[in-house]
Amino acid sequence: LNVAFVFQVPFWARLRHVTGFKAALKGINAAAIGLVGAACVILWEAAVEDAADAMVFCMALTLAVVFNVQAPLVILAGGVLGAILHHKALNLGQVAYCVASEEYIPN
């Protein structure tokens, strides 16, 4: 497997300088970013039930996009903030967000 990879390195090095290939990669990158954005919207609708969830989501997005923090650290920070805001911990931010207020009852 490693030998196959070694023989492909010169191929990719040459292909990197082809104008059409560079343009195609830009398009593929834009499509991938769009799909990630769509997945975030779907996850938001499915996972965010109260203000605490929204705060964790926004904090993770800000750390990843604005401050360029590595993914494992974003996940760790999201877990810590989520644990702090959980209704069995400090019970902060437990206002219904994406569901009707009378339907929301934390466990």
Side-chain angles (χ1 to χ4, degrees):
L1 183 66
N2 290 337
V3 174
F5 178 73
V6 170
F7 287 119
Q8 291 178 359
V9 171
F11 170 74
W12 288 112
R14 285 191 310 262
L15 199 55
R16 230 177 23 182
H17 300 292
V18 175
T19 306
F21 185 72
K22 287 168 53 173
L25 283 180
K26 285 183 181 180
I28 291 168
N29 188 34
I33 291 171
L35 289 172
V36 169
C40 287
V41 170
I42 292 169
L43 285 174
W44 174 276
E45 293 172 349
V48 176
E49 295 179 354
D50 53 35
D53 296 340
M55 286 186 273
V56 172
F57 186 89
C58 291
M59 182 270 316
L61 181 67
T62 302
L63 285 177
V65 174
V66 176
F67 297 109
N68 211 17
V69 176
Q70 295 176 350
L73 296 177
V74 173
I75 293 168
L76 180 64
V80 169
L81 183 62
I84 291 171
L85 297 178
H86 193 270
H87 63 87
K88 291 183 180 176
L90 294 180
N91 199 23
L92 300 173
Q94 297 299 322
V95 177
Y97 193 75
C98 291
V99 294
S101 296
E102 55 273 321
E103 294 176 15
Y104 180 74
I105 301 171
N107 295 330

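All values below come from the heavy atoms of this structure, side chains included, with hydrogens, waters and symmetry mates left out.
- Placement of L43 and V56 in two distinct hydrophobic clusters is found when ILVMFWY residues are connected by side-chain heavy-atom separations under 4.5 Å, directly or transitively.
- Screening residues 63-82 for ring-ring contact (aromatic ring centres under 6.0 Å, His included) gives no qualifying pairs among residues at least two apart or on separate chains.
- Taking every heavy atom of both residues into account, R16 and K22 meet most closely at O-CD, 3.0 Å.
- Of all heavy-atom pairs spanning C40 and F57, the tightest one is O-CZ, 3.9 Å.
- To the nearest 0.5 Å, atom CD1 of residue I75 and atom CG of residue L63 are 11.5 Å apart.
- In this structure, I42 is not a member of the same hydrophobic cluster as W44, with clusters built from ILVMFWY side-chain heavy atoms closer than 4.5 Å.
- Residue D50 comes nearest to D53 through the heavy atom pair OD1-N, 3.0 Å, listed as atom of the first residue, atom of the second, then distance.
- In this structure, V65 shares a hydrophobic cluster with L61, the cluster being traced through Ile, Leu, Val, Met, Phe, Trp and Tyr side chains under 4.5 angstrom apart.
- Scored by the side-chain contact (heavy atoms from CB on, under 4.5 Å) test, R14 finds P10, F11 as partners (sequence neighbours excluded).
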